[in-house]
Amino acid sequence: MNPLLALRPWETPEVTSWGRLPMNAVDRRSGALPLDGDWRFQLLSTPDAPVGGAWSSSYVPGVWTMQGTDDLPQYTNVRMPFPEFPPHSPPANPTGVYEREVDVPADWAGRRIVLQVGAAESVLLVQVDGRPVGISKDSHLAAEFELTGLVRAGARATVRLTVVKWSDASHIEDQDQWWHGGITRSVLLYATDPLHLADVTVRAGYGGDLRVDCRVRDAGGALPEGWYLTGELDGQPLAQDAEFDRANVDDERVSDFLGEARLLATVAEVRTWNAETPELYDLTVRLHRADGTVADTSRHRVGFRDVEIVGRDLLVNGERVFIRGVNRHDFHPLTGRTVSYDDLRADLVLLKRFGFNAIRTSHYPGDPALYDLADELGFYVVDEADIESHDHAHEIADDPRYLNAFVDRVSRMVLRDKNHPSVIIWSLGNESDYGANHDAAAGWVRRHDPTRPIQYEGAAKLDWAATDDASDIACPMYAPIEDCVAHALSGEQTRPLIQCEYSHAMGNSNGTLADHWAAIEATPGLQGGFIWEFWDHGILQRVSDGRPVGRGGAGLYDNGVAAPGYRWAYGGDFGETIHDGAFIADGVVFPDRTPKPAMYEHREIAAPVRIEAYRHEGIVLTNHQHFRGFDWLTAVWELSLADGRTLTAPAELPELCPGETAAVPLPFALPEDGGEAWLTLRVTTAQDLPWAPRGTEVCVPQVRLRGPATVQVAPVDRRVEVDGEGLLVHPLLAVAPTLSLWRAPTDNDELGGMAGHWRSWGLDALVRKVVSVREDSGRVSVEAEYAGTTGVVRHRQVLTPVEGGVRVDEEAELPEAFDDVARVGTVFETVAGLDLLEWFGQGPWESYPDRSAGAPVGHHSVPVDELFTPYLRPQESGGRHGVRRFTLSAPDATGLSVALDTPRQVSVTRYRAEDLAAADHHDELVPRPGCVVHLDAAHRGLGTASCGPDTSPSYLVAPGIHRWSWTLRVL
Ligand code: GAL
Ligand code: MG
């Protein structure tokens, strides 16, 4: 029996580790012996079940829940997946036993040998050759164990890692995500000199001052005479801090076992670090033996920057920076939780390309590589400790049995990540109420690292204006923007207000993002926030047997969609009875990292270049960055005219400092004819950047130069054909135009309660009854009633023959009872074969009334099958805002055109709203042969009501009379 089990460490919160080495910031990845790969594996039903069954194998790093065992992923948000109260775990407690042989290199003789386990969830027990070595908890930080004396250089040792899935720690790892079990980050073995660098603490300020504090630990015995430390920064030697040495000599507390030294430098004309220009210097610290040879080396990348709070502003290098953040979990559709360096890099590169400059590591520390990449690519990071006790938050926050765990988790994160310039704020965790355990952790951080602010939503939410809690920042989640503005204007604000979560990206969402940012930018005291969240955590699942596909599934998805026979699984899809459904699919990217249309909205809101048009000055450009000019950008002017022309001209971006504006002459003589005219500045990267090749689009700011001209269409002498029900008969229409008040509920519509109203009003199945059909010299006027269960809508359609087609004038009168419908408009279906949509309006990506700031007006062309956005749970999708006219055509250019009276919301997809509403997953949808076309007089905003505020009142569809008209022609 494994002696480590005797303590029942999985039900003992006071035990956070045993035999584990202290955390530090010395990176041991290079030169280590990697132990990743296939390990022997057994899954026990409880931690104390005997090992002895058949071994299979499991890939490390990886979770067994995604590798063919019967213990499958389970998704819960708040509630724990088992009923036991903290600190208890359920009797059925899957426990993975991993084992492998390790050949310890012969040239490690005489060296200190350390095993590092990158992360294991939730309790890790380590044995070597059957002997107990150590215990560790915290599923998202590495644990190190010294093996010197237990293993021999040149010999083979057997390492066994036992991972217990459920424990006291699960109660403080109750984050809203899939539950898994396994080893999720790399395992390695490394060797150092017995006398080694135990830790290095770097402080590098905006003014160019560098201070490097080094600690040397001896494996036994005093620091030998003559050993010393040196450092160099980009090849330049650092100076020893003689005063520090002198003080140390006199200080009786200085131990023989711990050598300390301080190295200093002042860098003249320092290139400072910020998220826009993440300048880094290479620091090397060396520990020398008395003869000058190097015993140990530690490498760091140093960014010179300051972060401070002054009044109610968070300043980076003295600048009040906007925080354009996102919450990022560790996720991958094939591995569940394990992310490779390439995956991390791809995440961050994508975020850069879409204008994000900040990441909150929701809700636990990321892989060390995440911070290296954030330093290098330029992100402000809120580093969050692995503490979320959501289901039992109140009990745990003050439970002394968990005190150690709180301080342990926060302090180890700080000890590991303190040297990263990207980390600007420490977060004590998420959704764990507020108690003494938080204050203890905050106290530790304030003493250990006074250079960074702390935040904790649970503390600050009690009173945004408080000054005596564990948060230096008011960091609410999903606060209505009006409340934030009111607080900033109240005169009561005491600290920065940066939302730790806002704009919930579940399904078709992120409505009013632009309104949020308009308010943030206009209101001193508001600085931004972190969108919830980056990923849709859909796991790639084989439909036939319901199993996760696992590591071999690359290539089984594309463009956000799983291949036939596969789907993106969400809560409940693995047969779990306790789960929270599609709430796990709430990111701005699909499970394969395909950006959702909301990303383009964000990109435009974050645009570094803004343009405005003034009658006299011409075009005014603004540099909307904090630290740099436009030299990394290049641009082209584009003029889109309603008559179909798009003119282009090279643009010269003026030299502007951050915040400056300049007027530039209008790049085009505006043609007299051509109608409505829009000027767009297409801004791209001027050179290859670490996150974007040259020519990558950065933003497309736009201004209107001329409004639309009214076009009169004269009636012609012809008959419009209708059937006995007064429905238009047309050779290109498979289903005649009727009234629609409903959309397939979005996740926001469902969770916000709107969809329930719509169903109870009967809007999803209106019954049409024709009241009268009158014909008057070719023009047909049809009165109809559309009955729901609680009200009747009067609808009139007047069909007038015009040159080349028919004009349709419509009017609908909604009863007061229908005071918040999804849309008022027309729906029809075309015949098959019209597969290309070309339009003049906003695009090319999907846009909605409250999410349309990022879709410029222009001439767009997209195949019908690519218009639809495959949100994980099928819902309203594919809309385009501000459409003036469009054509739907076959390859031989035959087809139809529609001209709208005024810019309107239009969608063209293969699905009727009821098709979408009836499906739970994308693979259940059966496309219709023709196109389903919606032309909306009014369309409800999307809002974010699945978690947070609904859309603003101005984007609601009011009851009463709506009028709209459109002209249908054959091409
Ligand atoms: C927050 C929470 C997140 C997530 C989100 C909803 O309350 O911090 O972890 O659950 O809501 O998706
Ligand atoms: Mg939660």
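Since the model is a prediction, treat every value here as computed from it, not as a measurement. Order of appearance sets the numbers: ligands from 1, and atoms from 1 within every ligand.
Counting heavy atoms from C-beta on, the side chains of Arg873 and Glu750 come closer than 4.5 Å. Side-chain contact between Val326 and Phe530 is absent, with no heavy-atom pair separated by less than 4.5 Å. At least one side-chain heavy atom of Asn430 sits under 4.5 Å from a side-chain heavy atom of Glu501.
At a threshold of 2.8 Å, the Mg ion (ligand 2) has a backbone or side-chain N, O or S atom of Glu431 nearer than that distance. For residue Asp176, no N/O/S atom approaches the Mg ion (ligand 2) to within less than 2.8 Å. For a distance bound of 2.8 Å, the N, O or S atoms of His390 include one lying that close to the Mg ion (ligand 2).
The contact set between ligand 1 and Asn430, taken as ligand atoms under 4.0 Å from a residue heavy atom, comprises 2 (C), 8 (O), 9 (O). Those atoms of ligand 1 that come under 4.0 Å of a heavy atom in Asn77, given as number and element, are 10 (O). Residue Phe583 has at least one heavy-atom neighbour below 4.0 Å for each of these atoms of ligand 1: 6 (C), 12 (O). Atoms of ligand 1 lying under 4.0 Å from any heavy atom of Met477, numbered from 1 in the order shown and given with element: 1 (C), 7 (O), 8 (O).
When each of His329, Glu173, Glu384, Gln175 is tested with His363 by the rule side chain to side chain donor-acceptor pair (under 3.5 Å), just one qualifies, namely Glu384.
What sits closest to atom 7 (O) of ligand 1 on the protein, heavy atoms only, is Glu431 OE2, 2.4 Å. Nearest protein heavy-atom neighbour of atom 5 (C) of ligand 1: Tyr478 OH, 3.4 Å. The nearest protein atom to atom 6 (C) of ligand 1, hydrogens excluded, is given as His504 NE2, 3.3 Å; this is a heavy-atom distance. Looking only at protein heavy atoms, the nearest one to atom 10 (O) of ligand 1 is Asp176 OD2, 2.5 Å. Counting only heavy atoms of the protein, atom 9 (O) of ligand 1 lies nearest to His363 NE2, 2.6 Å. Closest protein heavy atom to atom 1 (C) of ligand 1: Glu501 OE1, 2.8 Å.
A donor-acceptor pair under 3.5 Å is formed between the side chain of Tyr364 and the backbone N or O of Asp330.
At under 3.5 Å, a nitrogen or oxygen of Trp532, whether backbone or side chain, sits near a nitrogen or oxygen of ligand 1. Between His390 and ligand 1, no N or O atom pair is found at a separation short of 3.5 Å.
Relative to the ring axis of Trp535, Arg593 does not place its NZ or CZ within 45° and under 6.0 Å from the centre. By the 6.0 Å and 45° rule, Lys596 stacks over the aromatic ring of Phe590.
Atoms CG and CZ, from Asn77 and Phe583 in turn, are 5.5 Å apart once rounded to the nearest 0.5 Å. How far CZ of Arg328 is from CD of Glu533: 10.5 Å, rounded to the nearest 0.5 Å. If you take CG on Asp417 and OG1 on Thr361, they are separated by 8.0 Å, rounding to the nearest 0.5 Å.
The nearest N/O/S atom of Glu388 to the Mg ion (ligand 2) is OE2.
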